Asks: 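Attaching a single structure in structure tokens format; questions to follow.
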Amino acid sequence: MTDIAGMKAELDGLVREQADRRALREQQGEEIKARSHEYMTKQVQAAERYVQHVREMAQRKTKSGWSTDRTHAEPASAFAAEEYPGPGGFAPAPASRPVRDEPRAARRPRTAVEEEEDFNNPW
């Protein structure tokens, strides 16, 4: 009987240890979650301050006479020039060179004299 009672006591101790470890793991998880939430909140606040700063800088530029209006300037993207054919637009690209129908002739092999001349060339 004492062996059974000892085994039960040992099993109860293991179950209690497992429950303590689970509680500790959950507590650490909650702490990590709270820290990450606090960090992300600070990051969002910093990003909002940055956006506000950029907007203020843009307002200062327009108030000081630097126009950010693009109606009379070049198109927003040089790749979209066809969409903006106005005075700021770009000329269309020239037509590409005609493609050869026949392949180029193979190069002739170099002679030994030509190879030697290249080898002795001081330049």
Side-chain angles (χ1 to χ4, degrees):
M1 248 334 196
T2 58
D3 288 341
I4 294 176
M7 294 172 108
K8 283 185 178 183
E10 186 177 348
L11 182 61
D12 288 341
L14 292 173
V15 169
R16 189 171 38 251
E17 181 182 353
Q18 183 180 14
D20 291 344
R21 287 184 181 199
R22 181 180 301 128
L24 182 62
R25 189 173 47 244
E26 289 175 0
Q27 180 185 0
Q28 288 174 342
E30 291 297 321
E31 289 173 0
I32 291 171
K33 187 190 280 187
R35 281 196 312 253
S36 64
H37 184 269
E38 180 182 345
Y39 175 77
M40 291 306 293
T41 302
K42 288 180 181 178
Q43 289 294 318
V44 167
Q45 290 171 349
E48 288 174 350
R49 285 193 308 266
Y50 175 74
V51 167
Q52 184 64 28
H53 175 71
V54 169
R55 286 181 181 157
E56 288 175 4
M57 293 300 293
Q59 288 176 353
R60 288 181 193 168
K61 284 182 183 178
T62 55
K63 288 180 183 177
S64 66
W66 295 351
S67 176
T68 56
D69 185 18
R70 295 192 142 247
T71 57
H72 62 282
E74 291 181 351
S77 172
F79 297 108
E82 292 79 24
E83 296 176 12
Y84 304 96
F90 297 99
S96 62
R97 297 185 338 189
V99 179
R100 293 183 181 208
D101 293 334
E102 60 209 40
R104 290 185 176 187
R107 291 186 175 184
R108 66 176 177 81
R110 299 182 67 166
T111 63
V113 173
E114 290 174 331
E115 290 289 333
E116 188 175 322
E117 286 175 1
D118 283 345
F119 183 70
N120 292 329
N121 188 356
W123 299 104

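The figures that follow rest on heavy atoms only: side chains count, while hydrogens, waters and symmetry mates do not. Counting from 1, the numbers follow the sequence of the chain as shown. Everything quoted here is computed from the prediction, not taken from an experiment.
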Asks: With side chains defined as the heavy atoms from C-beta onward, is the minimum distance between Gln52 and Glu48 less than 4.5 Å?
Replies: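 They are not in contact (no side-chain heavy atoms under 4.5 Å apart), so the answer is no.
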
Asks: Any chance you could measure Gln43, atom CD, to Gln45, atom CD, to the nearest 0.5 Å?
Replies: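 That separation rounds to 10.0 Å.
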
Asks: Other than Met40, what residues sit in its cluster of Ile, Leu, Val, Met, Phe, Trp and Tyr side chains whose heavy atoms are under 4.5 Å apart, directly or through others?
Replies: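 So far as hydrophobic clustering goes, Met40 is joined with Tyr39.
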
Asks: Can you tell whether the side chains of Glu38 and Lys42 come within less than 4.0 Å, N to carboxylate O?
Replies: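 So Glu38 pairs with Lys42 through a salt bridge.
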
Asks: Around atom CD of Glu10, are there more than 12 heavy atoms from other residues, nucleotides or ligands closer than 6.0 Å?
Replies: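 Not more than 12 within 6.0 Å, no.
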
Asks: After noting the C-alpha distance and the side-chain angles of Leu14 and Glu17, does the key distance pass the side chain to side chain contact (heavy atoms under 4.5 Å, CB included) rule?
Replies: CA-CA 5 Å; Leu14 292 173; Glu17 181 182 353; 4.2 Å; yes

Asks: Given side chains that start at C-beta, do those of Glu30 and Glu26 come closer than 4.5 Å, heavy atoms only?
Replies: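 A side-chain contact under 4.5 Å is absent here.
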
Asks: Please round to the nearest 0.5 Å and tell me the distance separating atom CZ of Arg21 and atom CD of Gln28.
Replies: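 Output value for this atom pair is 11.5 Å.
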
Asks: Can you measure from CE (Met7) to OG1 (Thr2) and round to the nearest 0.5 angstrom?
Replies: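 The CE atom of Met7 sits 11.0 Å away from the OG1 atom of Thr2.
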
